[in-house]
Novice: 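Sharing a structure, written as structure tokens. Questions coming.
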Number of protein chains: 2
Amino acid sequence: MSPAAPSNQKARTILQAARKVFLEHGFSAATTDMIQQQAGVSKSTVYAHYPTKEKLFIAVVEAECESFLSGMQRIEFQPNGVEALLHQLANTYLDIVLSPVALAQYRVLVGEAPKFPELAHRFYQAGPRAMIRQATELLSRAAEAGELDFGGLSAETAATAFANLVRSELQQHYLLHPEARPSRAQIEQWAETCVFIFLRAFAAKR
Amino acid sequence: MSPAAPSNQKARTILQAARKVFLEHGFSAATTDMIQQQAGVSKSTVYAHYPTKEKLFIAVVEAECESFLSGMQRIEFQPNGVEALLHQLANTYLDIVLSPVALAQYRVLVGEAPKFPELAHRFYQAGPRAMIRQATELLSRAAEAGELDFGGLSAETAATAFANLVRSELQQHYLLHPEARPSRAQIEQWAETCVFIFLRAFAAKR
DNA sequence: AACATATCGAACCGATAGGTACAGTTCGAT
DNA sequence: ATCGAACTGTACCTATCGGTTCGATATGTT
């Protein structure tokens, strides 16, 4: 089964348990006992793998950031027309941002940002910034193809606006209403609205 | 000085101290000792006025919500032209949202939303929703005056889009970078960008 | 068989948390 | 002069926190 195995298996188990507990309670309110119990592991084992609660928290968040980043880069858009591209972007982004895990992580990281500034920055880069980087590239391709006209704004500014327009309203709502669950219909309707507005502002006149 | 006075003075002192401590450390990490010390008051006095730490936290947040609401309603816009109106709206909103106090409160409330759902909802209504309500009214007046054309969207949807476009990018950045401070120039530039985009989408063609 | 490693379980440590108890003090009102 | 409410200071209670220690046990390797 397991004991004397050179187990980094246990390390992963602990990390998963810690993730659940931290995302559920935040850093301060989470206790190492809860994590140990959730992992089904003895307390000594936890501290054999991670020296302190803080380091364990950092390990959890960094792992989550990496998975975010690799998940974003795997997304590929084959644009047949700008409108379809924008729809796909908006829906994909909202699916990620409004997932229970992402909302929980956002809550915790924002709440603990004063205590873990570097960590908050890493999340900022791995999450929102990565999205904007990708959107910038796709939108500037569409502009090169003559389908969009930013009217003097940079592609990055337009992409920033679009990403924030898509994200912020629903994200804020569900950040502050943790027991409510977003519906697919609501997501799609808001995505539609965002695409409509963006195209009204930036669709090239032909 | 004070003692046997029927003092709600002390209650206010304690509330102020609690506000500072809670906004600085969040709920879980804040201690009643810190609050007592900050207020320059004995521990017994704190518990004479507020039965538990939780109730004290709730009192702090509700007071802050009320002050938000009354502060919002006091704002008056005398628009001479839509563009000026949008500029004023954007700058005013950003000034509020990016103030250190508002950022700290947002961090705490988002972080503790799972533990205090009703409180988070009250904040949602007193903050973001109040802003959107006001923006909706002003924008629909501008639409009635023939200066805006929402192209089938409701005034509330347009106002929601504008408010979120204005707020989200910078707010997210400073939520996750607590030690950085927004500059007036940055605020005004982003406000300008938002007005530009909004007008490109919704300015009535004459 | 023997050893190293990983784990367990539970006791244990010092610190600190939220909250209470209580004896004494200061004031305003009667 | 007295009374009672508000307040202070401090000691105290109990629970729990993060973290350590240690003996027992079970395994894989040699």
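Below, chain A is the first sequence line, B the second, and so on; all start at residue 1. Fair warning: this is a prediction, and the values are worked out from it, not measured in the lab.
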Novice: Rounded to whole angstrom units, what separation is found between the CD atom of B/Q36 and the C1' atom of C/dA17?
Specialist: 13 Å

Novice: Counting heavy atoms not belonging to B/R12, are there more than 12 under 6.0 Å from its CZ?
Specialist: no

Novice: With respect to the phosphate group of C/dT7, does any side-chain polar atom (N or O) of A/T45 fall under 4.0 Å of OP1 or OP2?
Specialist: no

Novice: With sequence neighbours excluded, tell me which residues meet salt bridge (charged side-chain N to carboxylate O under 4.0 Å, His left out) with B/K43.
Specialist: B/D33

Novice: Starting at atom CD of B/Q37, determine the distance to atom P of D/dT10, rounded to an integer number of angstrom.
Specialist: 12 Å

Novice: Expressed as a whole number of angstroms, how long is the span from B/L56:CG to C/dG18:P?
Specialist: 11 Å

Novice: I'd like to check the ring pair (Phe, Tyr, Trp, His ring centres under 6.0 Å) partners of A/F150; sequence neighbours left out, ordered by chain and number.
Specialist: A/F202

Novice: Pairs in or reaching into residues 13-31 of chain A: which pass side chain to side chain donor-acceptor pair (under 3.5 Å), with residues at least two apart or in two chains?
Specialist: A/R19-A/E64

Novice: In residues 13-22 of chain A, what residues come within less than 4.0 Å of DNA chain D, judged by heavy atoms?
Specialist: none

Novice: Of the options D/dT8, D/dG19, C/dC8, whose atoms approach the side-chain atoms of A/S42 most closely?
Specialist: C/dC8

Novice: What's the CZ-C1' distance between A/F57 and D/dG19, to the nearest Å?
Specialist: 19 Å

Novice: Within residues 28-35 of chain A, find the residues that approach DNA chain D with a heavy atom at under 4.0 Å, and present them sorted by residue number.
Specialist: A/A30, A/T31, A/T32, A/D33

Novice: My understanding is that only residues two or more places apart in sequence, or in another chain, count here; which of them pass ring pair (Phe, Tyr, Trp, His ring centres under 6.0 Å) with A/Y124?
Specialist: B/H173, B/H177

Novice: So, using side chain to side chain contact (heavy atoms under 4.5 Å, CB included) as the criterion, who are the partners of B/E66 when residues are at least two apart?
Specialist: none

Novice: Just by distance, no angles: are the side chains of A/S154 and A/T157 close enough, under 3.5 Å, to form a donor-acceptor pair?
Specialist: yes

Novice: Write down the partner of C/dT30 under the Watson-Crick or G-U wobble criteria, each distance required to be under 3.5 Å.
Specialist: D/dA1

Novice: Let me know the distance between OH of B/Y50 and P of D/dC7, rounded to the nearest Å.
Specialist: 11 Å

Novice: Is B/H49 close enough to D/dC7 that one of its side-chain N or O atoms is under 4.0 Å from OP1 or OP2 there?
Specialist: yes

Novice: Determine, for nucleotides 20-25 of chain D in 5'-to-3' order, which nucleotides have protein heavy atoms under 4.0 Å from the base (write B), from only the sugar-phosphate (write S), or from neither (write -).
Specialist: BB----

Novice: Which residues pass the salt bridge (charged side-chain N to carboxylate O under 4.0 Å, His left out) test with B/R184, sequence neighbours left out?
Specialist: B/D95

Novice: From NZ of B/K53 over to P of C/dG19, roughly how many Å is that when rounded to an integer?
Specialist: 8 Å

Novice: If a pair satisfies side chain to side chain donor-acceptor pair (under 3.5 Å) and one of its residues is in residues 104-120 of chain B, list it, with sequence neighbours excluded.
Specialist: A/Q172-B/Y106

Novice: Take the protein atom CD of A/Q9 and the nucleotide atom P of C/dC8, then report the distance between them rounded to whole Å.
Specialist: 13 Å

Novice: With B/E156, which residues qualify under salt bridge (charged side-chain N to carboxylate O under 4.0 Å, His left out), at least two apart?
Specialist: B/R129

Novice: So, using salt bridge (charged side-chain N to carboxylate O under 4.0 Å, His left out) as the criterion, who are the partners of B/E62 when residues are at least two apart?
Specialist: B/R122

